[in-house]
Amino acid sequence: MPEEEEVATDSAAGRSFWTGAITFGLVNVPVSLFPANRGRTVSLKMVADDGHPLQRRYVCSKDEEPLDWDDIVRGYEVSKGKFVVVTDDELEAIEPRKSRDIDLQLFVDLEDIDPIYFVRAYYLAPSGGTTKAYRLLAEVMEQTGRAGIGRFVMRAKEYVVAIIAESGILRAQTLRFDDEVRKPDDVGLPKKSKVTAAAVSKFTRDITAHSGKVNFRDFFDEYSIELEKLAKKKAQRGVDVVKAPAEAAAGESDEPGEVIDILEVLKRSLGGAAVGKKPAKRAPARKKAAAKKK
Amino acid sequence: MAAARAMWKGTLKFGKSKVNVKLYSAVKEHTIHFRLLHKTDKQPVKQQMIDSDTGDPVEYKDAQKAFPVQRNRMVVLEKEELEKLEPKDSRDIEVTRFVDPTDIDHRWYERAYYLGPDGDTSAYFALAEALEKKNKEGVARWVMRKKDYVGALRVHEGYLALIVLRYAEEVIDASALTAPEGRPLQKKEIAMGEQLVSALAGKFDPAEYRDEYRDRVMDLINTKARGGKVKVTKFRPKKTSDDAVTNALAASLAGMRKKKSA
């Protein structure tokens with residue numbers, strides 16, 4: 001369902017999709033969230049046999065009637081074929097009373113947070129008022145080596161979130177709830193068996209021999225790179241070149257140009273420009289795409 | 001509880017070391033799944049592909065894939081061409097390097113899997129113990145279901161775990177960002193902030209957090225299913241000033257002192 005796509009599309013547009021405040025004690029730090037992660041940059045489009053671009057559209061499953069976004073609502077299947085309609089406003093209204101606040105009631109050692117819980121990372125930019133509270137929180141967390149823990153709701157889903165400071169910039173790391181992470185017992189992993197000191201030291205020797213530094217910026221998705229190379233080669237030779245659909249030309253989700261945008265928007269926001277103040281809408285971002293298809 | 005089924009089998013390899021493992025998902029999502037419905041008849045919607053020029057529906061099996069090369073042009077890639085680019089199947093999980101756990105920035109971690117022993121249990125636990133002893137994480141590469149992966153091999157509660165890492169293009173480079181600026185913070189303010197953080201310092205226990213919003217969404221759905229009414233209110237953001245920050249700091253600390261002495 002569209003939840004994942006929403007994130008990707010909004011990120012590509014470089015909008016902040018959550019605006020609220022971090023609080024610690026009585027201190028209020030108004031912030032906007034920007035994704036620190038993004039989908040793969042390469043996205044293949046669908047075309048017909050004759051090279052005509054294909055579009056996706058929603059149709060009613062009963063009578064195949066094509067639908068605009070305004071004709072669509074969100075529903076939960078309570079029993080086979082029976083749905084309860086739930087609106088965005090209703091979902092927003094049951095968000096925790098202070099859901100626009102990430103209240104940091106606990107500060108933990110950064111190392112206490114196990115990566116097995118990680119979902120996604122976001123950058124935080126100050127929004128509204130001054131940058132003082134933002135800078136203070138960043139400074140204090142960096143000096144103490146601690147991360148603030150809070151919880152918040154975004155796009156109809158609640159997260160535990162760790163607020164981390166690095167080089168004066170705050171970021172949020174969403175974490176899975178404990179019941180969404182299996183324990184070794186749930187998986188049925190066997191009880192620890194006896195190991196010999198010799199077996200362990202055989203491994204430690206090999207580990208030491210292969211220890212060093214890694215630059216994670218060197219890990220690219222080779223498949224995407226090869227895909228792009230092949231496409232460019234064919235384009236140069238003029239083989240299988242077809243017209244792109246209107247949306248792609250208008251710069252939809254995964255265009256490389258859009259990717260630069262988000263960094264620009266984030267830079268400007270950190271610099272104090274007023275962007276993304278509007279509270280995020282939870283309506284799927286497909287709205288725009290659907291409207292264009294009319 | 002019944003044991004989970006392994007998703008995949010492979011062999012961890014580095015130097016002369018080899019350990020056969022089975023892979024299990026460490027994540028079990030409980031997200032409430034909504035369906036998109038047609039507003040008027042409350043029937044589920046489905047997605048359809050249409051030819052953008054003629055408007056005719058096209059079956060998925062008749063569609064081809066194209067790569068956008070410029071704003072207005074795409075290159076069609078044949079099925080065989082795409083297949084040729086797919087990484088070669090292999091059972092190897094090649095551990096290329098061992099790094100300090102702090103070398104892997106949080107932003108790279110994507111999705112976690114457990115590794116379980118496949119056959120030789122003692123070699124599996126010996127490797128887990130060796131990793132813990134050296135306090136290292138392995139950086140591994142493997143091909144699973146026709147996709148390349150980079151991952152971090154680490155120990156979780158005495159067991160091996162493999163956490164898929166994001167590729168470079170999926171993590172926005174923070175080195176291009178500069179921190180927000182403003183009038184220098186006063187020493188007194190920083191000291192107060194540190195006091196506040198120490199007063200709130202503690203251990204992180206994930207088990208203390210429960211998804212309460214999920215419960216409320218289910219309550220809402222059940223209320224509506226019974227034909228009950230729900231209330232809807234709106235939210236407005238607030239602003240801060242420099243003085244407000246200082247006052248709030250002082251007030252927070254004063255509040256805590258009071259609580260302690262009470």
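Each chain gets a letter, A, B and so on, in the order its sequence line appears, and its residues count up from 1.
Remark: B:E129 engages A:K192 in a salt bridge, criterion side-chain N to carboxylate O under 4.0 Å.
With a threshold of 4.5 angstrom between heavy atoms, B:L220 approaches chain A through side-chain atoms but not through N, CA, C or O. In this structure, the portions of B:L249 lying under 4.5 Å from any heavy atom of chain A include both its backbone and its side chain. When heavy atoms are compared at a cutoff of 4.5 Å, A:Q173 approaches chain B solely by way of its side chain, counted from C-beta outward. Within the 4.5 angstrom heavy-atom criterion, atoms from both the backbone and the side chain of A:R135 approach chain B. Interface remark: B:F204 contributes backbone and side-chain atoms alike to the contact with chain A (heavy atom separation under 4.5 Å). Of the two parts of B:K134, only the side chain, counted from C-beta on, holds a non-hydrogen atom closer than 4.5 Å to a non-hydrogen atom of chain A. At a 4.5 Å heavy-atom cutoff, the contact between B:V150 and chain A is made by side-chain atoms alone. Interface residue B:F14: backbone and side-chain heavy atoms are both found under 4.5 Å from chain A. In this structure, the portions of B:L37 lying under 4.5 Å from any heavy atom of chain A include both its backbone and its side chain. Of the two parts of B:D56, neither the backbone nor the side chain holds a non-hydrogen atom closer than 4.5 Å to a non-hydrogen atom of chain A. Neither the backbone nor the side chain of A:A209 comes within contact range of chain B; no heavy atoms are under 4.5 Å apart.
Between A:F219 and B:V139, some side-chain heavy-atom pair lies under the 4.5 Å cut-off.
Side chains of B:T31 and A:K157: a donor-acceptor N/O pair is absent below 3.5 angstrom, by distance only.
Side chain of A:E158 to backbone of B:Y213: a donor-acceptor contact under 3.5 angstrom is found.
With respect to chain A, the highest number of heavy-atom pairs below 4.5 Å among B:E208, B:E110, B:R141 belongs to B:R141.
Of the listed residues (A:R57, A:M46, A:Q55), just one forms a side chain to side chain contact (heavy atoms under 4.5 Å, CB included) with B:M49, and that residue is A:M46.
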